[in-house]
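Since this is a predicted model, take the numbers as computed values, not measurements.
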Amino acid sequence: MLESHLSGEDFKLTTGQEWLVDVSGCAPERLKDQVALSALFEELIVLLELKVVGQPQWHVFPEPGGITGLTLLAESHLCIHTFPEHGFAALNVYCCRTRARPDFEALVARHLGAQGCHVRELARGVKA
């Protein structure tokens with residue numbers, strides 16, 4: 001499901017777009033797997049032609065917690081917070097230039113075993 005907040009915005013300066021992706025029904029073991037999360041990030045980086053700055057940062061929480069990951073981009077950032085005890089992940093992608101929307105539903109199904117995906121797309125910028 002896509003909820004878009006791009007239409008009707010009147011910006012004098014557009015500074016890109018942001019996707020807030022709520023992912024549900026995930027396989028709990030994948031939400032604790034840094035390799036699986038890194039693969040999701042890598043696919044997004046390639047699909048959106050993003051440039052990574054520095055090394056991705058990952059924090060693994062003690063059981064039953066999940067993982068928080070952040071990749072700094074020349075275009076802004078990519079981050080995720082996982083909650084394996086709820087089968088939930090919160091993914092955020094912000095790009096300073098407009099790009100085509102990736103197929104988040106297919107990506108999170110493949111990488112996280114997700115059964116549900118709610119995407120909110122926000123235009124970012126300075127109001128006219």
Side-chain angles (χ1 to χ4, degrees):
M1 174 180 188
L2 171 66
E3 176 183 334
S4 181
H5 295 280
L6 289 175
S7 60
E9 297 289 354
D10 187 21
F11 292 118
K12 74 175 174 182
L13 173 65
T14 300
T15 59
Q17 70 200 87
E18 186 166 9
W19 291 290
L20 305 172
V21 185
D22 292 336
V23 187
S24 58
C26 299
E29 65 278 0
R30 292 193 196 172
L31 297 178
K32 298 179 190 181
D33 184 350
Q34 186 177 324
V35 173
L37 299 174
S38 294
L40 171 61
F41 273 28
E42 184 59 34
E43 189 165 353
L44 282 166
I45 289 163
V46 170
L47 283 171
L48 295 170
E49 298 177 355
L50 303 170
K51 294 171 190 67
V52 175
V53 176
Q55 294 297 315
Q57 297 295 307
W58 298 96
H59 177 77
V60 179
F61 290 92
E63 288 289 337
I67 296 176
T68 292
L70 171 68
T71 296
L72 183 62
L73 305 169
E75 299 82 3
S76 192
H77 69 271
L78 171 61
C79 64
I80 194 165
H81 305 281
T82 71
F83 301 84
E85 68 274 27
H86 301 293
F88 177 80
L91 174 66
N92 178 257
V93 183
Y94 176 38
C95 297
C96 62
R97 287 185 308 133
T98 303
R99 288 177 161 71
R101 179 190 182 274
D103 185 351
F104 286 109
E105 293 81 3
L107 286 166
V108 297
R110 186 168 53 258
H111 290 282
L112 305 179
Q115 296 176 7
C117 180
H118 177 74
V119 180
R120 288 169 281 167
E121 185 171 349
L122 305 170
R124 304 300 300 264
V126 177
K127 286 283 195 178

Keeping the roles fixed (side chain from Q17, backbone from R99), state whether a donor-acceptor pair exists under 3.5 Å. yes
Inspect the surroundings of CD in Q55 and state if more than 12 heavy atoms from other residues, nucleotides or ligands are less than 6.0 Å away. no
Sub-4.5 Å side-chain heavy-atom contact between W19 and L44: no
What are the two closest heavy atoms between Y94 and G16, and how far apart are they? CE1-C, 4.4 Å
Heavy atoms of C117 and E105 approach each other most closely as CB-CG, 3.9 Å
Using 30° and 60° as the class limits, which term best fits the ring planes of H59 and F61: parallel, tilted or perpendicular? perpendicular
Nearest heavy atoms of L37 and L31, plus distance in Å: CD1-O, 4.2 Å
Is L73 close to V52 at the side-chain level, that is, under 4.5 Å between some pair of heavy atoms? yes
NZ/K51 to CD1/I45 distance, rounded to the nearest 0.5 angstrom? 12.0 Å
Minimum heavy-atom distance L48-A100, with the two atoms named: CD2-O, 3.6 Å
Flag side-chain contact, heavy atom, 4.5 Å: I80 against F41: yes
Shortest non-hydrogen contact from P64 toward P84: O-CG, 3.5 Å
Under 4.5 Å between any side-chain heavy atoms of F88 and D22, yes or no? yes
Atom CZ of R110: over 12 foreign heavy atoms under 6.0 Å: yes
